[in-house]
Amino acid sequence: MAVQLIRQGGGRQIIQRYGNGGFRVSGVAYRGSIVVLPDATQAWEVAAFAALSPAAFADLFARAATLDLCLV
């Protein structure tokens with residue numbers, strides 16, 4: 001079952017739907033894991049919890065000063 005979330009925001013990424021192994025963010029469909037940042041969405045190579053490591057979060061750590069929340 002797909003769940004629809006709509007967030008309004010000027011220039012920000014809007015999570016519109018998720019479910020069935022994918023996401024729709026700001027009109028773009030993604031399959032698998034993604035990282036949604038305030039200004040960009042990108043594929044994330046982590047496909048399982050066991051694959052999480054400090055290296056998997058390197059891009060987020062680099063932007064840590066500008067992020068308020070990290071939801072995994």
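Bear in mind the structure is a predicted one, so any value in this text is a computation, not a measurement.
Using a 4.5 Å heavy-atom cutoff, the side chains of Val36 and Tyr30 are not in contact. Under the 4.5 Å side-chain criterion, counting only non-hydrogen atoms from C-beta, Leu67 is in contact with Pro38. A 4.5 Å side-chain heavy-atom check between Arg63 and Asp39 finds at least one atom pair inside the cut-off. Counting heavy atoms from C-beta on, the side chains of Cys70 and Leu60 come closer than 4.5 Å.
A pairwise comparison of heavy atoms in Gln16 and Val25 identifies OE1-C, 4.0 Å as the closest pair. The two atoms that bring Arg12 and Ser26 nearest to each other are O-OG, 3.9 Å, heavy atoms only. A pairwise comparison of heavy atoms in Ala51 and Ala56 identifies O-CB, 4.5 Å as the closest pair. Closest heavy-atom contact between Ala47 and Ser33: CA-OG, 4.0 Å.
Ile34 and Leu37 fall into different hydrophobic clusters, defined by Ile, Leu, Val, Met, Phe, Trp and Tyr side-chain heavy atoms under 4.5 Å apart, directly or through other members. No single ILVMFWY cluster, assembled from side-chain heavy atoms under 4.5 Å apart, contains both Val28 and Val35.
Going from atom CZ of Arg24 over to atom OH of Tyr18 covers 16.0 Å, rounded to the nearest 0.5 Å.
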